[in-house]
**Student:** 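I am attaching a structure below and will ask some questions about it afterwards.
Count residues from 1 along the sequence.
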Amino acid sequence: MKAALVPVERIERQILVIRGQRVLLDSQLAELYGVVTGNLVRAMKRNLDRFPEDFMFQLSRAEFADLRCHFGTSSEWGGRRYPPYAFTEHGVAMLSSVLSSPRAIQVNIEIMRAFSRLRHLLASHAELAAKIARLERKYDGQFKIVFDALRALMEPPEAPAKGQIGYLSERK
């Protein structure tokens with residue numbers, strides 16, 4: 001089997017959840033495809049009828065500001081001057097009909113694999129949670145400690161509490 005142009009794990013790390021949908025931003029896709037973001041956006045705009053709202057949407061200014069803050073991207077004096085476009089899995093698939101370079105085709109295959117793998121992981125997590133719930137109902141309080149521990153392991157880790165930055169001096 002031929003090595004992937006872009007490792008699936010790298011693509012998975014770039015998938016964001018915005019408005020409750022898993023998406024890739026136009027700049028991320030442009031980087032993966034090896035094109036300039038402006039060219040990708042122009043190709044999409046030339047074919048707008050192929051990209052309904054459930055395939056692609058533009059972030060609001062508030063979402064864009066939040067994203068900048070979250071990832072520490074460029075200030076207002078550099079970088080992007082408009083909110084990015086977010087492409088859902090279907091939008092990425094549609095991009096393959098708009099961008100037909102050999103690299104775009106190969107990268108699209110890897111992106112589809114990444115989305116599929118994420119779907120599979122989420123489904124298996126839900127199945128595991130359902131099985132634990134069934135077992136818990138079946139065995140009542142006998143194994144409460146075990147079920148509490150399993151539930152705790154399935155929860156996403158809590159963000160560490162932010163402490164005070166700096167030194168404390170001991171005053172006497």
Side-chain angles (χ1 to χ4, degrees), residues 4-126 129 151-166:
L5 282 175
V6 180
V8 174
E9 294 79 17
R10 177 178 167 206
I11 297 167
E12 287 174 351
R13 285 191 304 271
Q14 291 182 326
I15 295 174
L16 305 172
V17 177
I18 301 175
R19 298 183 192 172
Q21 298 187 64
R22 288 184 297 280
V23 298
L24 283 166
L25 298 179
D26 54 7
S27 56
Q28 296 167 322
L29 287 165
E31 181 186 332
L32 292 170
Y33 292 141
V35 298
V36 177
T37 304
N39 291 346
L40 183 135
V41 171
R42 276 190 287 285
M44 178 267 301
K45 285 185 175 182
R46 280 193 304 268
N47 296 280
L48 264 181
D49 54 326
R50 294 176 182 244
F51 296 95
E53 200 171 292
D54 57 327
F55 282 30
M56 175 274 310
F57 56 89
Q58 190 170 22
L59 272 61
S60 68
R61 294 230 177 257
E63 290 168 329
F64 184 37
D66 186 45
L67 198 64
R68 274 185 166 165
C69 226
H70 183 71
F71 290 108
T73 58
S74 61
S75 70
E76 293 197 25
W77 295 109
R80 300 188 77 128
R81 287 168 180 40
Y82 60 91
Y85 290 92
F87 292 85
T88 65
E89 180 178 357
H90 298 300
V92 172
M94 189 57 72
L95 273 175
S96 68
S97 67
V98 174
L99 303 170
S100 57
S101 73
R103 179 178 174 87
I105 292 167
Q106 288 304 309
V107 169
N108 247 37
I109 290 168
E110 296 308 315
I111 292 171
M112 293 299 106
R113 287 181 177 148
F115 273 110
S116 177
R117 194 166 122 173
L118 280 177
R119 245 192 335 275
H120 178 72
L121 286 172
L122 290 173
S124 65
H125 186 75
R151 246 189 259 92
L153 288 172
M154 290 179 66
E155 288 295 316
E158 291 183 23
K162 292 193 177 194
Q164 190 172 5
I165 298 175

**Student:** When rounded to the nearest 0.5 angstrom, what distance separates CG in Leu59 from CG in Asp66?
**Tutor:**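 Here the interatomic distance stands at 9.5 Å.
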**Student:** Would you tabulate the side-chain donor-acceptor contacts of residues 13-20 under 3.5 Å, counting partners in other chains and residues two or more places apart, or write 'none'?
**Tutor:**
from: Arg19; atom 1: NE; to: Glu63; atom 2: OE1; distance (Å): 3.4
from: Arg19; atom 1: NE; to: Glu63; atom 2: OE2; distance (Å): 2.9
from: Arg19; atom 1: NH2; to: Gln58; atom 2: O; distance (Å): 3.1
from: Arg19; atom 1: NH2; to: Glu63; atom 2: OE1; distance (Å): 2.9

**Student:** Mind checking the CE-CZ spacing from Met56 to Arg50? Nearest 0.5 Å is all I need.
**Tutor:**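 Output value for this atom pair is 13.0 Å.
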**Student:** So do Leu25 and Glu31 actually touch side chain to side chain, heavy atoms under 4.5 Å?
**Tutor:**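 Not touching, per the 4.5 Å side-chain cut-off.
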**Student:** Quick check for you: to the nearest 0.5 Å, what is the distance between Met44 atom CE and Phe87 atom CZ?
**Tutor:**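 The CZ atom of Phe87 is 4.5 Å from CE of Met44, to the nearest 0.5 Å.
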**Student:** Could you measure the distance from the CG atom of Leu40 to the CG atom of Leu95? Nearest 0.5 Å is fine.
**Tutor:**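 It comes to 5.5 Å.
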**Student:** Which atom pair, heavy atoms only, marks the closest approach of Pro84 to Phe64?
**Tutor:**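 Shortest heavy-atom separation between Pro84 and Phe64 comes out as CD-CD1, 3.3 Å.
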**Student:** Atom OG1 in Thr37, atom CZ in Arg42: separation rounded to 0.5 Å?
**Tutor:**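 Spacing of OG1 (Thr37) from CZ (Arg42) equals 10.0 Å.
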**Student:** Do the side chain of Asp26 and the main chain of Tyr85 share a donor and acceptor less than 3.5 angstrom apart?
**Tutor:**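 It does hold such a pair.
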**Student:** Please identify each residue that fulfils side chain to side chain contact (heavy atoms under 4.5 Å, CB included) with Val36, with sequence neighbours left out.
**Tutor:**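 Checked Val36 against side chain to side chain contact (heavy atoms under 4.5 Å, CB included); matches are Asn39.
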**Student:** Using 0.5 Å steps for rounding, measure from the CG atom of Asn47 to the CE atom of Met94.
**Tutor:**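 The CE atom of Met94 is 9.5 Å from CG of Asn47, to the nearest 0.5 Å.
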